[in-house]
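The block underneath contains the structure these notes are about, expressed in structure tokens.
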Amino acid sequence: MTSIYERLKSDHDRQRDMLASLAETSGDSQERRKLWKTFYYDIGAHAAAEEEVFYAPLMEDSKGQPKARHSVSEHHEVDEMIQDIEDMDFSSPGWLTRFKTMRERYEHHMKEEEEEIFETARKVLGADSSGEMADKFDTRKKKERGLVDKKAEEEMEE
């Protein structure tokens, strides 16, 4: 069984790889657009599932609440940066500058989560050795992806 900690770390590793690949792109290239779309789609579903399945229960305990609130506020900060990037011209020099700032903040967040939050969560939530939280995370992430797909389809129909 995969625990929630292993599942989140796996997502983080994949996202780090996408960020590194994105940093190597230039201009309004097909590669940049494809990588960005994949990253944008993945991080949105990841954050929604993580906040519901991991952070909400962590916030219910006074020992987990401060770190969970801090992490959720970082999610919102990174999300604002991502929305800014999404709205920018992919070929502008500002795109890469804003991307690098977002990447730095998000990589800091992932490192902090893995090195500090997971330790607190194991004490508060347990080891998730049965993989129950990881399964809930996967289900919620899949649901979020479905919502995004549905919204995209509706926008295309308009």
Side-chain angles (χ1 to χ4, degrees), residues 2 4-59 64-121 133-134 136-158:
T2 301
I4 187 65
Y5 310 104
E6 293 163 325
R7 178 72 76 237
L8 295 176
K9 175 78 167 72
S10 174
D11 268 18
H12 291 169
D13 289 344
R14 187 178 59 259
Q15 291 164 356
R16 283 184 185 98
D17 289 345
M18 284 188 271
L19 289 167
S21 295
L22 269 162
E24 298 299 316
T25 65
S26 61
D28 191 358
S29 65
Q30 188 173 5
E31 180 186 18
R32 179 178 277 181
R33 286 190 172 275
K34 183 180 177 188
L35 282 167
W36 177 255
K37 182 178 180 181
T38 302
F39 174 75
Y40 182 84
Y41 188 65
D42 191 68
I43 195 172
H46 171 91
E50 186 177 58
E51 287 180 17
E52 183 177 309
V53 174
F54 185 70
Y55 283 116
L58 194 55
M59 279 189 207
Q65 196 173 76
K67 288 193 181 291
R69 284 184 184 211
H70 173 75
S71 282
V72 170
S73 75
E74 286 184 345
H75 277 195
H76 295 292
E77 178 185 342
V78 170
D79 186 53
E80 285 179 15
M81 290 181 196
I82 287 171
Q83 292 308 315
D84 287 347
I85 295 166
E86 175 70 8
D87 294 337
M88 293 178 83
D89 179 346
F90 277 63
S91 63
S92 77
W95 190 95
L96 192 56
T97 301
R98 189 68 171 150
F99 169 79
K100 287 178 179 178
T101 301
M102 181 277 299
R103 178 185 180 188
E104 184 179 288
R105 288 296 304 134
Y106 189 52
E107 287 179 340
H108 160 82
H109 168 76
M110 291 184 287
K111 183 179 180 189
E112 189 174 68
E113 204 168 71
E114 293 165 5
E115 293 178 0
E116 297 175 28
I117 309 295
F118 286 5
E119 184 180 328
T120 299
M133 286 182 74
K136 286 179 182 177
F137 174 82
D138 289 342
T139 299
R140 178 61 178 94
K141 188 173 175 182
K142 191 176 200 176
K143 180 181 176 186
E144 186 66 24
R145 286 182 183 266
L147 293 171
V148 170
D149 289 342
K150 184 178 178 184
K151 183 178 179 182
E153 284 176 23
E154 289 170 357
E155 287 176 1
M156 286 175 45
E157 289 174 2
E158 290 178 358

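Computed from a prediction, not measured in an experiment: that's the story for all the values here. What's counted below: heavy atoms across the whole structure, side chains too, no hydrogens, waters or symmetry copies.
- Side-chain N or O atoms of Ser92 include none that pairs as donor or acceptor with a backbone N or O of Met88 at under 3.5 Å.
- In this structure, the side-chain hydrogen bond (donor to acceptor under 3.5 Å, both in side chains) partners of Glu144, at least two apart in sequence or on a different chain, are Arg140.
- Residues satisfying the side-chain hydrogen bond (donor to acceptor under 3.5 Å, both in side chains) test with Asp89, not counting sequence neighbours, are Ser91.
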Criterion side chain to side chain contact (heavy atoms under 4.5 Å, CB included) on Gln65 and Arg69, from CA distance to verdict: CA-CA 6 Å; Gln65 196 173 76; Arg69 284 184 184 211; 3.4 Å; yes
Derivation and outcome, side chain to side chain contact (heavy atoms under 4.5 Å, CB included), residues Trp36 and Tyr41: CA-CA 8 Å; Trp36 177 255; Tyr41 188 65; over 6 Å; no
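- Leu96 meets the side-chain contact (heavy atoms from CB on, under 4.5 Å) test with Arg32, Phe99, Lys100; sequence neighbours excluded.
- Here Lys141 pairs with Asp11, Asp42 under the side-chain hydrogen bond (donor to acceptor under 3.5 Å, both in side chains) rule; sequence neighbours left out.
- Partners of Thr2 by side-chain contact (heavy atoms from CB on, under 4.5 Å), not counting sequence neighbours, listed by chain and number: Glu6, Arg7.
- A distance of 11.5 Å separates OG1 of Thr120 from CD of Glu113, quoted to the nearest 0.5 Å.
- Considering CG of Asp138 and CE of Met133, their distance stands at 12.0 Å, rounded to 0.5 Å.
- With sequence neighbours excluded, no residue satisfies side-chain contact (heavy atoms from CB on, under 4.5 Å) with Glu104.
- Although no hydrogens or angles enter the test, the distance criterion places a donor-acceptor pair under 3.5 Å between the side chain of Thr25 and the main chain of Leu22.
- Classification of Glu107 and Arg103 as a salt-bridged pair holds, one side-chain N sitting under 4.0 Å from a carboxylate O.
- When all heavy atoms of Ala121 and Phe54 are compared, the pair lying nearest together is CB-CZ, 3.5 Å.
- Taking the side chain as every heavy atom from C-beta outward, Trp95 and Asp28 never approach each other to under 4.5 Å.
- Classified by interplanar angle (parallel below 30°, tilted 30° to 60°, perpendicular above 60°), the ring pair His109/Tyr106 is parallel.
- Once rounded to the nearest 0.5 Å, the distance linking CD of Glu52 with NZ of Lys143 reads 6.5 Å.
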Side chain to side chain contact (heavy atoms under 4.5 Å, CB included) between Ile4 and Phe118, intermediate numbers included: CA-CA 9 Å; Ile4 187 65; Phe118 286 5; over 6 Å; no
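- Residues that satisfy the salt bridge (charged side-chain N to carboxylate O under 4.0 Å, His left out) test with Glu74, not counting sequence neighbours, are Arg105.
- With sequence neighbours excluded, the residues forming a ring pair (Phe, Tyr, Trp, His ring centres under 6.0 Å) with His46 are His12, Phe137, listed by chain and number.
- When side chains are defined from C-beta on, Ile117 counts as touching Leu58, because their heavy atoms get closer than 4.5 Å.
- Partner of Val72 under the side-chain contact (heavy atoms from CB on, under 4.5 Å) criterion, out of Met59, Glu77, Glu50: Met59 alone.
- By the 4.5 Å heavy-atom criterion applied to side chains, Met110 and Leu19 are counted as neighbours.
- Taking the side-chain hydrogen bond (donor to acceptor under 3.5 Å, both in side chains) definition, one finds that Glu51 meets it with His75, sequence neighbours left out.
- The salt bridge (charged side-chain N to carboxylate O under 4.0 Å, His left out) check on Glu116 picks up Lys67, with sequence neighbours excluded.
- Between the side chains of Gln83 and Tyr40, at least one donor N or O sits under 3.5 Å from an acceptor N or O.
- With sequence neighbours excluded, the residues that form a salt bridge (charged side-chain N to carboxylate O under 4.0 Å, His left out) with Asp13 are Lys9, Arg16.
- Atom CZ in Phe39 sits 11.5 Å away from atom OG in Ser21 (nearest 0.5 Å).
- The salt bridge (charged side-chain N to carboxylate O under 4.0 Å, His left out) check on Glu80 picks up nothing, with sequence neighbours excluded.
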